[in-house]
Amino acid sequence: ARAQIGVTGLAVMGSNIARNFARHGYTVALHNRSIGKTDALLEAHGGEGDFVRTETVEEFVAALEKPRRVLIMVKAGDATDAVIEELADAMEPGDIIIDGGNALYTDTIRREAAMAARGLNFVGAGISGGEEGALNGPAIMPGGPKESYESLGPMLESIAAQVDGTPCCTHIGPDGSGHFVKMVHNGIEYADMQLIGEAYNLFRDALGFDAKQIADVFTQWNTGELESYLVEITAEVLNQVDAKTGKPLVDVIVDAAEQKGTGRWTVKSALDLGIPVTGIAEAVFARALSGSRTQRAAAKGLASGVLGEKPTDVAEFTEAIRQALYASKIVAYAQGFDQIAAGSAEYNWDLHPGDLATIWRGGCIIRARFLNRIKEAYEADPALPSLILAPYFREAIEKAIDSWRRVVVVATQLGIPVPAFASSLSYYDGLRAERLPAALTQGQRDFFGAHTYERIDAEGKYHTLWSGDRSEVPA
Ligand code: NDP
């Protein structure tokens, strides 16, 4: 027994993480359900470090020094349960099982409880960064028992991305918290991608730019406050030319977006928690609309009504789109952080939003310059009621607001869909509103269901006798 860590599940993510551990000097035991992937990894990269080849789970577990640490990188869902069971049977109390897959956090809560009952430490770890991040430094969000982090933390921190000397990995909190924050991270990623998509759509259909011109705008934006991995790769994708047709690749890709489920999970969880994550929800639904091929084909000839004029002040409108994107992005993050605060309260996780902003600065898909500002905002006020209220972001939105409104108006007049820009603006207007129409909603609820309402001028709950003499009674 000489390996410090074992990795089981050697598809792209698992093999790259195994190589990342080995490159950092750890001896890594390798296991995969079918031996083919193990041998392929050893053949291509066996020279990068110290690997131990194992075929059976028993051999794999026996190769590990105690307390044993096993990282599972298999397909999320039933496969993960099957692998956990097999490992748990072969392992001993005090050993650590880490699930690095994209597990649903409620599954992680269940698995952690089951393993704890057997004396095993179960660590649900969200890992972001795709295959490139897995190899060169991902963002890692490990949950589970704090004690297990003492022996595991330094290993995970050494393979994680580093920003200004700080690893993009920290103990998140108990049981499912690591996978929960990874889920919300992915939800924010959906929103960010949708917002970038809407900006692209406006350049194409409102300003008539071709893919190359739009790529140049994103390349330019990536030098400023929007600097981020997603903006950077947007320029790369838009610059890609299709070898077959000579056209921009983006113009020959079918415009029907797919999804694997983490965005949907985020929205489902937000619905349960009662948190308005409108930007994320619009992004998930926008993908669903794009994929509604039958309806879209049938709806092609529907009337647009009279459309407005396209903007002629190209430079100014370009800057307006940038401002709209930035403001909407702040809203999406604010909503995601609200969901994290609500999840933390619901499950007693004691999560620290500033820590998350810190570890999301590198490695992960949503890494961005502006996460430094989020980190600072939570450092200045850990109990910030909304990110939008932090002075830096408040000023940024105040600076952007006129442009943001103009972009939504122009898009609407041109018949260009901007669900995330528009709903983020409505969220902002709703949040800052003096009076919302919810008073009428309460009146209606009291009318048909005697659900009662509160008054602005008195304590307690009241009911109007709608089907009687319409006098008011205390409830
Ligand atoms: P896949 O999700 O495609 O899973 C393939 C691996 O799972 C193979 O090693 C396969 O073994 C194993 N497997 C499948 N079913 C079983 C089973 N019943 N018992 C044992 N092993 C099984 O691989 P990825 O590398 O893409 O992802 C791994 C995990 O990381 C997933 O949970 C994914 O959601 C998550 N993730 C992926 C990211 C990405 O960018 N791809 C980013 C972040 C997280 P075999 O070779 O024998 O078929």
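Order of listing sets the numbers, starting from 1, for every ligand and every atom in it.
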* To do: May I ask you to check whether F337 and Y378 place their ring centers less than 6.0 Å from one another?
  => yes
* Asked: Would you say the side-chain atoms of E236 and Q240 include a donor-acceptor pair closer than 3.5 Å?
  -> no
* F209 six-ring centre to R204 NZ/CZ under 6.0 Å and within 45° of normal -> no
* Return the protein residues near ligand 1 (heavy atom under 4.0 Å from any of its atoms), ordered by chain and residue number. => G9, L10, A11, V12, M13, N32, R33, S34, K37, M73, V74, K75, A76, A79, V83, G101, N102, I127, G130
* **F370/Y333 aromatic ring centres below 6.0 Å** => yes
* To do: If a pair satisfies ring-ring contact (aromatic ring centres under 6.0 Å, His included) and one of its residues is in residues 72-126, list it, with sequence neighbours excluded.
  => Y105-F180, Y105-Y347
* Y428 and S328 side chains, donor-acceptor separation under 3.5 Å -> no
